[in-house]
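Structure first, commentary second.
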There are 2 protein chains.
Amino acid sequence: MSGYGAVLRHVESELTAGRLGVGQQLPAERRLAEDLGVSRATVREAIRVLQAMGVVRSGVGSGPDAGTTVIADPAGGLGAALRLHLATRRLPMADLVGTRVMIESHSVRAAAAAPDHPDLARAAELLTRMDAPDLDADAFHQLDADFHVALTAAAGNAVNTAIMAALRDAIHRTVLDAVQALPDWSRTAVRLRREHRSILRAVQSGNADLAATRVTRHVEGFHREWVRHST
Amino acid sequence: MSGYGAVLRHVESELTAGRLGVGQQLPAERRLAEDLGVSRATVREAIRVLQAMGVVRSGVGSGPDAGTTVIADPAGGLGAALRLHLATRRLPMADLVGTRVMIESHSVRAAAAAPDHPDLARAAELLTRMDAPDLDADAFHQLDADFHVALTAAAGNAVNTAIMAALRDAIHRTVLDAVQALPDWSRTAVRLRREHRSILRAVQSGNADLAATRVTRHVEGFHREWVRHST
DNA sequence: CAGTCTGGTGTGGTCAGACCACAGAGTCTA
DNA sequence: TAGACTCTGTGGTCTGACCACACCAGACTG
């Protein structure tokens, strides 16, 4: 058997065997094609897939940013997949939100057991930046999403963190559109800021149950508000 | 801007707009290339990505299975991404297991509230098939994995179900290798069967806490056993 | 007439070879 | 010495071709 699948399997086995790792470069496309006995077009199809999965980054020219480099961006790959399946309407938005609530409530519980985690400090700093008065909805939402990912990261599970970031990517566009439709954005923003602070306080005081309750109410509440105004 | 990204964005927007849906066919590659003003090679790169994401399936020849058809296999796409990132060692196996425990314990809680869900009946039937005496480890694990996915599906969240199935795909190979290393597989299998039954009983009797505890012990226990014998 | 064979047609899979823009490294020149 | 220059290797794209495949309609055969 040959073809594009062979290239994928080859790269995956190189990764598994440790002969290829994050930061290293793949052979040039022409070289890889020759080594594996396939055409360059076939190699390119495989590399495109790796790129879409967030496993590899390609750059033209020469120098350190050129060539095809192994990276580790699981959120990018998962996010792209989720976004596409959201587009097919087989993954309901409500279920995405349900997954978010599950991960976040679980994560703040775990984070409450380690209130000194550096990601919590990062979360606090994000909240400070969200207080800037001249923030538009786009920038606000970006910081908002980063805050939630930071909360998740504080729990220390890389898979959950990647999935949260992926959910954020997948939902991003939709939330932005939804925010446009809200009757009084600035008032909502005030409420969100208050809720964020109260969640973080609960985590940092080590109160797992309270933190979980608050983050659940926060996420579900915003989702309900946004659904109500976007039909 | 043009190129492969343009093809991806075009297909995604067709999906979003509803002009393209699950079961329908994409235009032929040559046709798509002409419509979008790019070469067929470029179109193919985009279609490969969609294929890897589980959004599309391609078949040669003619007839209903030929051409490029929109499907909905989120688990396939997510699973491929997880597997690759597992290979880069940036997603620790322990975290994958942690995510599994989170999803499954959450799901059995939800499923316990609706003990008549058809997926629970399916789960029960899978357990019956796992009692067959002449089952090898491979077939056993396949049914095992299906059982856990069915449990998750009974909670009714499509995203969680897809992630569970993806985790299963990503871990499959590793678990099979691990099972080979176990000192007494048949004895482990007996224990797993017993635990499966007890989990399902707890769910069907509506006891959410008990079901969650049992499934957590079950998954973590197997993981510990397998780590112990594979270093 | 019923059954079988045989091209025709359109599909994805792969290949070979070419040209482009790009970015760094080295070289030449004023 | 500072600037402009060519050289080289990278990914990005295009063109045109051939293949295997599977259906389908028509011709052929008994």
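All chains are named by letter (A, B, ...) in the order of the sequence lines, taking the proteins before the strands, and each is independently numbered beginning at 1. In this text, all values refer to a predicted model and were calculated from it rather than measured experimentally.
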Quick one: side chains of residues 154-165 of chain B, donor-acceptor pairs under 3.5 Å with protein atoms, not counting sequence neighbours, listed by atom name and distance.
from, atom 1, to, atom 2, distance (Å)
B:N157, OD1, B:V159, N, 2.8
B:N157, OD1, B:N160, N, 2.9
B:N157, ND2, A:D95, O, 3.1
B:N160, OD1, A:T99, OG1, 2.8
B:T161, OG1, B:N157, O, 2.8

Contacts of A:D177 that satisfy salt bridge (Lys or Arg N to Asp or Glu O under 4.0 Å) - sequence neighbours left out | A:R173

Tell me, please, which residues at least two apart from A:D146 pass salt bridge (Lys or Arg N to Asp or Glu O under 4.0 Å).
-> A:R168

Start and end of chain A contact along DNA chain D [non-hydrogen atoms, under 4.0 Å] | D:dG9 to D:dT13

Going by number, which of residues 45-77 of chain B have a non-hydrogen atom under 4.0 Å from DNA chain D?
-> B:G61, B:S62, B:G63

Evaluate the side-chain proximity of A:H196 to A:H218: yes if any heavy-atom separation is below 4.5 Å, no if none is.
-> yes

Residues in side-chain hydrogen bond (donor to acceptor under 3.5 Å, both in side chains) contact with B:S105, at least two apart in sequence or another chain = none

Value in whole Å for how far the C1' atom of C:dT11 lies from CG of B:L32 | 14 Å

Sorted by first residue and then second, give each salt bridge (charged side-chain N to carboxylate O under 4.0 Å, His left out) pair with at least one member in residues 147-158 of chain B; sequence neighbours left out.
-> none

Could you pull out all donor-acceptor pairs under 3.5 Å where a side-chain atom in residues 71-86 of chain A meets a protein atom, sequence neighbours excluded?
from, atom 1, to, atom 2, distance (Å)
A:D73, OD1, A:G76, N, 3.1
A:R83, NH1, B:E12, OE1, 3.0
A:R83, NH1, B:E12, OE2, 3.0
A:H85, ND1, A:A81, O, 3.0
A:H85, NE2, B:G54, O, 3.2

Sub-3.5 Å pairs of nitrogen or oxygen atoms, protein against nucleotides 16-19 of chain C:
from, atom 1, to, atom 2, distance (Å)
C:dA18, N6, A:R40, NH1, 3.4

Here the ring-ring contact (aromatic ring centres under 6.0 Å, His included) pairs for residues 34-60 of chain B, sequence neighbours left out, are none

Does anything in residues 20-37 of chain A pair up under salt bridge (charged side-chain N to carboxylate O under 4.0 Å, His left out), and if so which pairs, sequence neighbours excluded?
-> A:E29-A:R40, A:E29-A:R44, A:R31-A:D35

A:D131: side-chain hydrogen bond (donor to acceptor under 3.5 Å, both in side chains) partners, not counting sequence neighbours | A:R197

